[in-house]
Amino acid sequence: MKKNSPILVFCLVAGMLLTGCGSGTKTETKKNEPVSNKQQYINIATGSTSGTYYPLGSAIAEILNKNIAGVNASIQTTGASVANINLLATGRVDVAFVQNDIAFYAVNGTELYKDKKVVNIKGLASLYPETIQIITLEKTGIKTLADIKGKRVAVGAAGSGTEANARQILEAYGIGYGDIKVQYLSFGEASSALKDGNVDLAFVTAGHPTAAIQEIANLEKMVLLPITQDKADIIIKKYPFYTKIVIGGNTYKNQTGEVPTVAVMAMLAVTDKMNADTGYKVARAIFTNTDKIKAVHTIGQKITKNTATSGMSIPLNEGADKFYKEK
Ligand code: GLU
């Protein structure tokens, strides 16, 4: 995705500066230098290739490259939300996809971030609901989460938000990690492991339909387990970022009935190093080009300026906030 190599850009910028100094040009001239002569790298952390962050991230990088002068945006695959917060906190990426629950825990130093508060991240945009999808194969005979003691469970990649969701949801069913055989797998790995009979159940927190689940549903008789209303109420009471959601019939092959479950929100987070001007431009580029996002995934329909602050769980970048307040 990179347009120019960093070395080439460095040489160009250094060359321009040297020419400026050598010719005795005063600072007045430099002030008028078009900003577009400087490359601004925006590295975006997504998730695994079989999730939803990845295709949306690649559409967003393309939008930024086409619509903001001087920006060179690229994406990287990661373990998702928790890994992404760490990448942001240490300044290794500039923008990251994260779940709103995980971002809240990080900024407030609660749950998995107890005693590990992350102070340098801001919100850029709230995006779309990420559905907690609990998948098994018909042949396992598993009909409810209450049946899974002793089973092999893919709880998400290490460093994923999915893993935190799996733990919280199992807790509502009275199941701890000590009661199951936990496996830390990406969505794609979990889907293959289900197919090969190496796991019995997998958790996926992602916008639906999710590529990894489509893959397994196309190959095997896949079953989505519901989170019943009574359990959803218990989960939401303890962890208020969850909301109820229904996976419509025929979202996946041979899945005819509706499946009630819960969801959190996907959002974009940035470091507090991103200034208001860039935050404004990035938000404006994204929300004036949502047609490009819709083209890569149907969940893109949920990404709108009107809902860009709904469910936002951490303070916004000032420039993005300004953009959302404009009519
Ligand atoms: N929400 C997931 C997580 O943080 C990743 C979803 C995706 O890759 O689309 O674990």
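All residue numbers in this chain count up from 1 along the given sequence. Remember, it's 1-based here, ligands and their atoms both numbered in the order they're listed.
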Can you tell whether the side chains of [X] and [Y] come within less than 4.0 Å, N to carboxylate O?
X	Y	value
E220	K139	yes
D94	K273	no
E326	R284	no
K325	D321	yes

So which residues, sorted by chain and number, lie with a heavy atom under 4.0 Å of ligand 1?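 Lining ligand 1 at under 4.0 Å, by heavy atoms, one finds G51, T52, Y53, A80, S81, Q99, E130, S160, G161, T162, F187, T205, A206.
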Y280 and F323: aromatic ring centres closer than 6.0 Å?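 Yes, they do, as the ring centres are separated by less than 6.0 Å.
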Any pair counted as side chain to side chain donor-acceptor pair (under 3.5 Å), so long as it reaches residues 140-163, sequence neighbours left out: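 Listed by first then second residue: T136-T140, R152-D200, E163-R167, E163-Y177.
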